[in-house]
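See below for the structure under consideration.
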Amino acid sequence: MHELPKVYDPTDVEPRWYAYWAEHGVFRAGTADGDVRPVYVIALPPPNVTGSLHMGHALMGTAEDVLIRHKRMQGYNTLWQPGTDHAGIATQTVVERQLRQEGKSRHDLGREGFVARVWQWKEQSGNRIIEQMRVLGCSADWDRLKFTMDPDLSHAVREAFVRLYEDKLIYRATRLINWCSDCRTALSDLEVENEEADGKLYEFAYQLIDGDASLGPTELVVATTRPETMLGDTAVAVHPEDPRYLHLHGKKLKHPFLDREVPVITDAILVDMKFGTGAVKVTPAHDFNDFATGKRHSLEEISILNLDGTLNQNAGRFAGLTVARARKDVKLALAELGLERGEKAHKLQVPRCQRCRTIVEPMISTQWFVKMQPLAEPALAAVRDGRTEIIPTEWVKTYEHWLTNIQDWCISRQLWWGHQIPAFYCDACDHVTVTRTGTPSACEGCGSTGLRQDPDVLDTWFSSGLWPFSTLGWPHETPEMRRFYPTSDLETGYDILFFWVARMLMMGLYFTGEVPFRRVLLHGMVVDETGEKMSKVKGNTLDPLDLIHGSSFDHVAQRTMPGAPLAEALQKFKKAYPSTAQMGQAFPAYGADSIRLTLCSYSPQAKRISLSPKRIEGYRNFCNKVYNAVRYSLPHIEGQAVASAPSAPQHLVNRWILSRLGSVSEQASQSIEAFRLDEASSAIYHFFWDELCDWYLEFSKAILTLGTPSEQAEVRQTLAYVVEGALRALHPFAPFLTEELWQRIPRPSDRPLSIALSPYPTRESGPVDPTAEAAVQLLTSVITAARTIRSDHDLDKTAKVPLELRTHDPDSLALLNEQSALIQWFVKTDGAPRVGVPEAQRPAGAVTAVAGNVEVLVGLRGLLDPAKEEARIERNLKKIERDIVGLEARLKNENFLKNAPADVVEVTSKELETLRVQRLALLDAKKLLLELN
RNA sequence: AGGCGGGUAGCUCAGUUGGUAGAGCGCUGGCCUUACAAGCCGGAUGUCGCAGGUUCGAGUCCUGUCCCGCCUACCA
């Protein structure tokens, strides 16, 4: 075996092992008839085909991969079902942008040509993100890669549509919808994002027709944030009980620009007497509240907008203007007529298109809708009765709130890229024919053959809603459906709880009668180091691949803000990631494992995950630590026959490390099971570094040097066993590193070809041994206490000092005697430490510390600086006195003794005892010091 | 407006059923001790947002309050 370099280099290792796993089908789900293993399934939230891996994807991919790898190692038949989403608007926009660069529009190509062009684009670059997930180490069953517009999935979409239509849960209606004039399509409520903006509350007057000044004012002043919509006003509403306007009930107002009478209506729902002027202009065609008001009062709905967002003929002389322009012009015109009545600043929410940020306009339009209430009820029930569990649980309330207030879902989109709605309109009659297959030959209603298919496509989320079962072959009763449905865990970001998770639950329950997954695991949003949301505009996005492969800051900044001056981009980047100030000019190649460990280290209940490059560095260092631990171990364990079950070693430290391995493995499994990947990874991290490396490997050096042949053999055997087990425990988090090392070390003969297929260690991997754990705890704290004394007194590291250990406890005495050689090795003592029971006398020039029930006396005669030593003693004494007073008070408190649990009282009094011993020792040392002077 | 979450070490965050606060990074003293200087051995650091309450005991439970973030709905 060739020698390992001193520093771990992930760039060399990672691609190699991914290829190996792929080649050996390590990630494939089992489909054999005889396969009776329990099943664990995750459906990968399909990323957009337009997508490129960002930190959110990396977090999702890592979390799901840890879950999958863990279960795979636990012997489950795992299926991680991957795929991509056709992402209607996003994808269409990308390809249209390309066309624009060629000086063309989609209309030049025609629908068929355009769709062909999108497919072509998809084939070329649609799988980029899948490649990137492989770089991250994701162990999905890639042979089963699906796309939402694959023939089988499209079939499922059509089946779902038709069934819902037949069941009267899909209907076509003309109503107010959200319209994006840039994307030229309707949007669902969820695709509209409200953004706060500074606006104006503007007041103007409508003149009364036939107003009688003797009855009161002859005008009615309304308040509005959108003056231009007055061109579509068909009423002005006042509160029925508003004393100011009683004389206006039933009257008519003159529209200043249009040949139209505007009635005054009374409406207690719409109007809040206390707000504005108490009079509300009603524009049913462009406001959701006004629309509802219009329905209540049978008002005319006058649309004043074209599909491109400009005003139409109904706007009279304002026709052709943009909304923004019309707002100015209408105000101007009102002012000219002397109708302006005031204006004040007002905060308002501007609805914007999630995709293109264009201001969304409410518009009257004929669209397809899904009736949500009947679907929502079962989805609510499924979470309430625990058939599906949401973790972290605080999301349950949010989920319930949304589902109980749910509105019907507008599912038609005026796009070309997507699943075209399978509804056919007849030229001869009104009948709409909806069919499962192809184009119907004739109208179901009148038999006419003149049929046109609805040009619209379905909302992308309609097909995503079927994902957990459409990918498994639904509506057919496939073996996959039988074996892998319902899926186990659905892991995703909380931002798509409504878009996707809730809809899958509704659809899943409706179509399959079962919940689509047993648990919903939600992670937070990755934000920059200062807590800001990542966005291109802010120049604070991080590309996981730059971190994995390494990249100069110049390059990162430039890529984040293409087109911007480098200095500016770099400044924004540095501001977003302050810790890079201490990092030179570039991200080194951290490797996928470091990124994965970092992402796992954040608590899942954190809504914001602020990514710190410095933290990644820490985990990179950890990977190097693991690598070097194995590098150290290799020569000692090479050729060892490793058993798959633990042996029963004699030596304390061997029993201890086995016990720790078992505990940590068990804890890791429990934490992963509870989706606390942070706890799990942290437990393994500290086991590896603080226990295995800092202590066990050091113990092993001592024993391999000083021990008897049989002791040495036992250490070698244990070391080989523990290293193999620890790598397996770490594997789900750091798959590349662990595979690389595992393949080099000796391992049990029955292990499969990859660590990824080996069993996850359990409690049984290391028998629990509380005695050994307690003993090593004492041993290490004795060593640390002695080291602290050495360090406090600036001892040369080669200086050998006398060490005396005193305790009343017989077990501890035995332990210290047994391990005196080990203690000598670690503390660098002058001969074997003297072990005995406490005596009244302390040797002059000795410094005392207390570790557990042991007094640790380090002889420093002639090495002490008396002044310094006295100061140290005084400092410690002060602190101890304070603690003693506190504890004594507590132990004197009758209520405490009466109410506190026995173990708490016991711990407290033990603690007090320890402190008293310490105080005694310090006082003694002080006395000696004074005598010395 | 309503809902949810958060305010803990200089920074980013953990903290299970109430029992005198932890990690990583940073800081600091000493070490190139042949696995690792991406390291080793030590060390320092907190009015747990604020004010009350319950309790023998509160970071943890209750009430009020002030900030911050997100979500949902909206006053035209």
Side-chain angles (χ1 to χ4, degrees), chain A residues 4 6-8 189 194 201-203 222-226 229 237 270-272 274-283 287-290 346 348-349 392 394-395 397-398 401-402 405 494-495 497-498 524-525 527 529-531 533 578-579 582 588 598 601-603 605-615 617-636 676 678-679 682 685-686 693-694 697-698 701 783-784 787-792 794-798 826 828 883 886-887 889-890 893-901 903-905 907-908 911:
Chain A
L4 293 171
K6 274 173 88 164
V7 173
Y8 177 59
D189 300 344
N194 290 310
L201 189 62
Y202 178 82
E203 292 179 4
V222 295
T224 179
T225 53
R226 302 196 54 189
T229 61
L270 180 69
V271 183
D272 173 2
K274 293 188 287 295
F275 187 86
T277 60
V280 186
K281 59 189 278 305
V282 183
T283 323
D287 182 282
F288 286 95
N289 284 318
D290 293 4
H346 185 73
L348 56 105
Q349 300 285 328
E394 65 232 36
W395 289 105
K397 271 191 186 173
T398 313
H401 182 257
W402 187 71
N405 296 293
Y494 67 76
D495 55 329
L497 180 59
F498 304 141
M525 300 291 112
V527 297
E529 204 174 356
T530 63
K533 215 178 215 168
S579 72
Q582 317 161 3
T598 307
S601 73
Y602 293 91
S603 161
Q605 55 229 42
K607 280 195 183 178
R608 295 183 313 162
I609 294 173
S610 53
L611 196 74
S612 162
K614 227 27 200 162
R615 193 151 168 166
E617 197 177 286
Y619 283 101
R620 188 270 315 256
N621 295 353
F622 172 67
C623 289
N624 192 49
K625 187 76 180 173
V626 170
Y627 168 83
N628 270 294
V630 173
R631 204 162 73 93
Y632 159 79
S633 306
L634 262 178
H636 300 300
R676 286 303 302 259
D678 56 327
E679 287 181 351
S682 157
Y685 175 101
H686 285 111
C693 291
D694 286 352
L697 295 189
E698 296 304 322
K701 287 178 188 171
I783 291 167
T784 300
R787 279 171 168 175
T788 304
I789 291 171
R790 290 188 64 119
S791 175
D792 277 355
D794 302 328
L795 283 201
D796 186 280
K797 73 185 185 69
T798 54
F826 274 85
K828 290 245 164 31
D883 291 351
L887 287 185
R890 258 173 97 187
N893 186 325
E894 281 174 32
N895 286 319
F896 172 72
L897 297 172
K898 201 169 66 194
N899 296 320
D903 55 323
V904 172
V905 177
V907 166
T908 310
E911 214 173 305

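Here the structure is a predicted model, which means the values were calculated and not measured. In what follows, every chain begins at residue 1, and chains take the letters A, B, ... in the order their sequences are listed. What's counted below: heavy atoms across the whole structure, side chains too, no hydrogens, waters or symmetry copies.
Pairing for B:A23 is with B:U12, a Watson-Crick or G-U wobble pair whose two hydrogen-bonding atom distances lie under 3.5 Å. B:U17 makes up no base pair with any nucleotide shown, lacking Watson-Crick or G-U wobble contacts both under 3.5 Å. Base pairing of B:C70: its partner is B:G3, meeting the Watson-Crick or G-U wobble criterion (both donor-acceptor distances under 3.5 Å). B:U63 and B:A51 make up a base pair, with Watson-Crick or G-U wobble contacts both under 3.5 Å. Using Watson-Crick or G-U wobble geometry with both donor-acceptor distances under 3.5 Å, B:G39 finds its partner in B:C31.
Nucleotides B:U60 and B:C36, compared at atom C1', are 40 Å apart to the nearest Å. For B:G15 and B:U8, the C1' atoms lie 9 Å apart once the distance is rounded to whole Å. Nucleotides B:G24 and B:G39 are separated by 11 Å at their P atoms, to the nearest Å. To the nearest whole angstrom, the two C1' atoms, one in B:C50 and one in B:A58, are 16 Å apart.
Considering only side-chain atoms of A:T788, the nucleotide from B:G42, B:A38, B:C40 that sits closest is B:G42. Here B:U12 is the nucleotide among B:G39, B:U12, B:G42 with the atom lying nearest to any side-chain atom of A:S610. For A:E394, taking side-chain heavy atoms from C-beta onward, the closest of the listed nucleotides B:A14, B:C41, B:G5 is B:G5. Closest to the A:H401 side chain, of the nucleotides B:C4, B:U12, B:U72, is B:U72. You'll find that the side chain of A:R608 is closest to B:G69, out of B:A14, B:U33, B:G69. You'll find that the side chain of A:P901 is closest to B:G19, out of B:G69, B:G19, B:A14. Among the nucleotides B:G19, B:G42, B:C36, the one closest to any side-chain atom of A:A900 is B:G19. In the set B:A38, B:U12, B:U72, the nucleotide with an atom closest to the side chain of A:F498 is B:U72.
Side chain A:K6 to base B:A38: no donor-acceptor pair is found below 3.5 Å. Counting distance only, with no hydrogens placed and no angle test, the side-chain atoms of A:K625 and the base atoms of B:C36 include a donor-acceptor pair under 3.5 Å.
Between A:R620 and the phosphate of B:C25, there is no side-chain N or O to OP1/OP2 separation shorter than 4.0 Å.
The cationic atom of A:K625 (NZ for Lys, CZ for Arg) does not lie both less than 6.0 Å from the six-membered ring centre of A:Y685 and within 45° of the ring axis.
Using a 4.0 Å heavy-atom distance criterion, A:R890 is classed as a base contact. Within 4.0 Å (heavy atoms only), A:T225 reaches sugar-phosphate atoms of the nucleic acid but no base atom. Among the protein residues, A:L697 comes within range of the nucleic acid bases, having at least one heavy atom under 4.0 Å from a base atom. Base contact: A:G886 has a heavy atom under 4.0 Å from a base atom. Residue contacts for A:K828: at a heavy-atom cut-off of 4.0 Å it reaches no nucleic acid atom on any strand shown. Across all strands shown, A:R787 has heavy atoms under 4.0 Å from sugar-phosphate atoms exclusively, and none from any base.
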